[in-house]
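The structure under discussion appears below in the form of structure tokens.
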Amino acid sequence: MTDAAPSPDAPPQNLVRSPLSDGEWHRLHPLTPLLRGGLFLIVVIGIVVANLRDRLLFLFLPWLAPGMGDEFEEGMSEWEGTGDPVDFVIANNLYLVAVLAVLGVLIVIVAVFYMSWRFHTFRITDDDVEVRSGILFRTQRRAPLDRVQGVNLTRPMIARLLGTAKLEVVGAGTDSNVKLEYLSTPNAEAVRADILRLASGRRLGDAAATTGPARQGGRVAALGQTVGREITGLIEGPELPVEVPDSVVNIPFGRLVASHVVSMSTVGLLFAAVAIVIGVSQGVTWLLFGFVPAIIGFGAYWIRSIMRSLRYSIAPTPDGVRITFGLLTTVTEIVPPGRVHAVEVTQPILWRPAGWWMIRINRLTGRAATDTNTDQFTTVLPVGTAADVERVLRLLQPTVPESEWPLIVQQGILGPVEGDTFTNTPRRAWWIRPFSYRRNGFRLTDDVLLLRRGVVWRKLAILPLARLQSIGLHQGPLDRMSRVASLRGHVVTGPVYAHLAAIDRDESLALFDRVARGAVTAASGDRSHRWAEEDGPVVAPSLPERSAPPEPVPVEPPRPAATESDDENEPTRPAEERA
């Protein structure tokens with residue numbers, strides 16, 4: 001079937017809302033109760049059947065076990081006094097009653113599942129996403145679209161086989177996410193696109209007419225085709241029935257495994273294994289029982305981390321950066337523009353010979369602090385080369401001028417190099433950072449603040465000025481002796497620790513003033529909150545174009561009493577240079 005040509009008066013296809021985003025209440029996929037709670041019931045039934053397989057085989061298929069009758073009759077006298085309900089049913093010939101009881105329980109469970117599906121509805125308006133659920137105790141959650149931090153699409157293995165997906169709208173507060181679990185994969189992709197377009201400031205047109213091609217051949221045939229396609233996708237690669245942009249980074253399987261093997265965690269595991277072997281050989285057997293479970297747990301975590309990083313891809317889209325990862329459980333998240341509050345490029349010392357790096361970000365995940373899956377939404381590059389790092393950073397920080405990238409890569413990541421433009425720790429404070437004082441430094445541009453530190457673990461923190469909440473300077477008694485201070489950028493909670501120690505006192509004061517002015521300028525011109533508002537039917541007026549940084553205000557020459565330099569070996573600098 002070919003699509004009909006759009007009429008001249010019809011809105012663009014990318015502005016046509018899906019039928020589920022029309023502002024009316026809709027229900028989730030009919031298999032939602034099964035995927036959310038029914039699988040547990042199936043597992044319980046499987047365990048019961050496995051434990052009763054001998055009895056069930058004798059009762060319903062006796063010709064398959066001809067020699068089991070005598071054993072069954074001999075054991076009946078022993079079973080009668082055990083108090084087992086199954087033994088009671090068999091001894092009193094209550095098979096019909098048992099079958100009716102089981103059917104009654106199943107009917108009640110199916111009724112509860114059906115009612116929970118009927119009462120679990122959602123709607124998407126031009127302003128928010130709402131979800132209502134609960135039978136006896138009703139719950140309603142709402143996520144304002146102008147506060148959306150991202151939209152994640154998760155597909156567990158069983159859900160993938162059935163052609164469904166879980167959609168999670170990431171909010172700005174703790175435990176503020178709104179989940180739509182489950183929708184069919186095409187509907188989930190369409191709803192996610194609608195949410196992101198509405199969050200960008202667009203207003204969508206009318207819903208497209210549905211022709212219902214998926215219903216041809218019946219639901220059973222469609223489900224069979226879906227299962228076959230998804231099984232093929234598990235083996236061959238991406239299987240989403242939507243257009244997926246090409247990834248700018250491809251991680252080979254060998255590099256991914258090697259990066260986990262060559263890590264400090266593996267080194268610690270090897271030391272623990274050696275300690276166990278030595279201890280057991282000396283008769284200290286409690287080490288075996290104490291550390292073996294920990295080693296097994298680490299191995300499971302190691303394998304899970306590799307599986308989670310397989311099929312990784314990152315690509316730009318009109319609505320943000322699309323990140324996909326996972327082999328069995330596939331997670332696809334789109335981080336809209338302006339939702340990255342801090343970026344950190346890290347290189348452990350064991351990765352240095354291979355030239356591998358990792359990129360992590362600070363962002364609002366909308367999850368509770370006790371959620372152990374938060375880390376997978378903050379690692380945007382598990383392992384990559386310097387070229388991969390530059391490509392990913394360009395996606396995460398698109399406002400950085402082209403002329404700055406060579407400096408960021410060569411000096412910020414690989415530095416220090418000849419002609420270094422970073423302001424490093426003064427030589428007089430080398431004892432505070434004895435190994436890294438030559439690398440420990442900062443650099444400020446019109447858009448970002450770069451903090452470079454570390455020797456064993458090389459790190460470069462990138463703080464967008466438009467997202468910076470505040471900045472603080474700290475000085476302890478030892479810092480005052482060396483005339484240095486520590487700087488800390490205040491951003492949202494995450495793995496990026498925006499801290500830099502042992503900065504020259506005068507340089508830190510000047511940086512404090514420059515960052516304060518730069519953050520105000522960047523925030524006043526930032527429009528990433530509603531990144532497409534100027535393109536469609538604009539409801540609110542757009543912000544003016546970002547202007548160039550203001551010229552420095554002339555400063556009067558300092559008084560003679562205040563021109564004395566803190567360092568006796570350095571000449572007094574003019575006030576304009578210190579500012």
Side-chain angles (χ1 to χ4, degrees), residues 316 320-321 335-347 357-364 378 380-381 386 388-417 420-424 439-454 458-473 487-500 503 507-508 510-529 531 545-550 552:
V321 181
V335 183
R339 269 58 174 181
V340 177
H341 292 255
V343 184
E344 184 179 69
V345 184
T346 308
Q347 184 187 56
W357 300 80
M358 174 190 295
I359 299 180
R360 299 183 297 179
I361 63 174
N362 281 11
R363 54 171 293 204
L364 294 173
T378 57
V380 296
L381 180 62
D388 297 335
V389 169
E390 182 177 356
R391 285 193 287 267
V392 174
L393 290 180
R394 286 175 179 268
L395 297 181
L396 299 177
Q397 300 297 325
T399 61
V400 175
E402 184 69 25
S403 59
E404 291 289 338
W405 286 113
L407 297 176
I408 293 177
V409 175
Q410 296 297 326
Q411 301 181 7
I413 299 177
L414 305 176
V417 295
D420 191 18
T421 59
F422 278 69
T423 302
N424 299 323
R439 178 180 170 83
N440 197 70
F442 68 89
R443 186 172 186 271
L444 179 64
T445 69
D446 294 338
D447 300 283
V448 296
L449 172 62
L450 307 175
L451 305 179
R452 185 183 65 188
R453 68 183 190 277
R458 291 179 175 178
K459 295 183 179 182
L460 174 68
I462 304 176
L463 308 181
L465 296 183
R467 307 270 81 81
L468 192 62
Q469 304 298 311
S470 63
I471 187 173
L473 296 179
L487 179 144
R488 180 174 301 173
H490 301 149
V491 294
V492 300
T493 304
V496 181
Y497 184 57
H499 178 265
L500 187 65
I503 309 174
E507 296 290 351
S508 64
L511 177 66
F512 184 90
D513 181 65
R514 292 165 55 196
V515 169
R517 289 187 282 111
V520 171
T521 303
S524 63
D526 179 62
R527 290 178 295 178
S528 59
H529 184 61
W531 62 93
E545 294 289 342
R546 179 176 177 178
S547 58

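Quick note: residue numbers are just sequence positions, from 1. Quantities reported herein were computed from a predicted structural model and do not represent experimental measurements.
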Which atoms form the tightest heavy-atom contact between [X] and [Y], and what is the distance?
{"X": "R439", "Y": "N424", "value": "O-OD1, 4.0 Å"}
{"X": "S524", "Y": "T521", "value": "OG-O, 2.8 Å"}
{"X": "P316", "Y": "L395", "value": "CB-CD2, 3.7 Å"}
{"X": "A522", "Y": "A466", "value": "CB-N, 3.7 Å"}
{"X": "G320", "Y": "P337", "value": "CA-CD, 4.0 Å"}

Next on the checklist: L511 and side chain to side chain contact (heavy atoms under 4.5 Å, CB included): which single residue from L500, L473, L449, T423 fits?
Outcome noted: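 Considering L500, L473, L449, T423, a side chain to side chain contact (heavy atoms under 4.5 Å, CB included) with L511 is found only for L449.
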
Checklist entry - Judged by atom type as modelled, is there a donor-acceptor pair below 3.5 Å linking the side chain of E390 to the main-chain atoms of W405? => result no

Checklist entry - Between the side chain of N362 and the main-chain N/O of V496, is any donor-acceptor distance below 3.5 Å? => result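 Here the side-chain-to-backbone pair exists.
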
Taking only residues two or more places apart in sequence, or in another chain, which ones meet [X] in a salt bridge (charged side-chain N to carboxylate O under 4.0 Å, His left out)?
{"X": "R443", "answer": "E404"}
{"X": "D420", "answer": "R452"}
{"X": "R339", "answer": "none"}
{"X": "E344", "answer": "R360, R453"}

Checklist entry - With sequence neighbours left out, which residue pairs that include part of residues 462-473 fulfil the salt bridge (Lys or Arg N to Asp or Glu O under 4.0 Å) condition? => result R467-D526

Next on the checklist: With side chain to side chain contact (heavy atoms under 4.5 Å, CB included) as the criterion, how do L451 and L487 come out once you've worked through the C-alpha distance, each side chain's angles and the decisive distance to 0.1 Å?
Outcome noted: CA-CA 9 Å; L451 305 179; L487 179 144; 4.1 Å; yes

Contact between [X] and [Y] at the side-chain level, heavy atoms closer than 4.5 Å - yes or no?
{"X": "R517", "Y": "R514", "value": "yes"}
{"X": "W357", "Y": "L414", "value": "yes"}
{"X": "I408", "Y": "L460", "value": "yes"}
{"X": "K459", "Y": "T346", "value": "yes"}
{"X": "L465", "Y": "L444", "value": "yes"}
{"X": "I413", "Y": "L393", "value": "yes"}
{"X": "L396", "Y": "I359", "value": "yes"}
{"X": "P401", "Y": "D447", "value": "yes"}

Can you give each donor-acceptor pair under 3.5 Å made by side-chain atoms of residues 488-495, sequence neighbours left out, with the distance rounded to 0.1 Å?
| unit_1 | atom_1 | unit_2 | atom_2 | d |
| --- | --- | --- | --- | --- |
| R488 | NH2 | Y497 | OH | 3.1 |
| H490 | ND1 | S470 | OG | 2.5 |

Checklist entry - Say you draw a straight line from CZ of R363 to NE2 of H341; how long is it, rounded to the nearest 0.5 Å? => result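 Going from the CZ atom of R363 to the NE2 atom of H341 covers 9.5 Å.
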
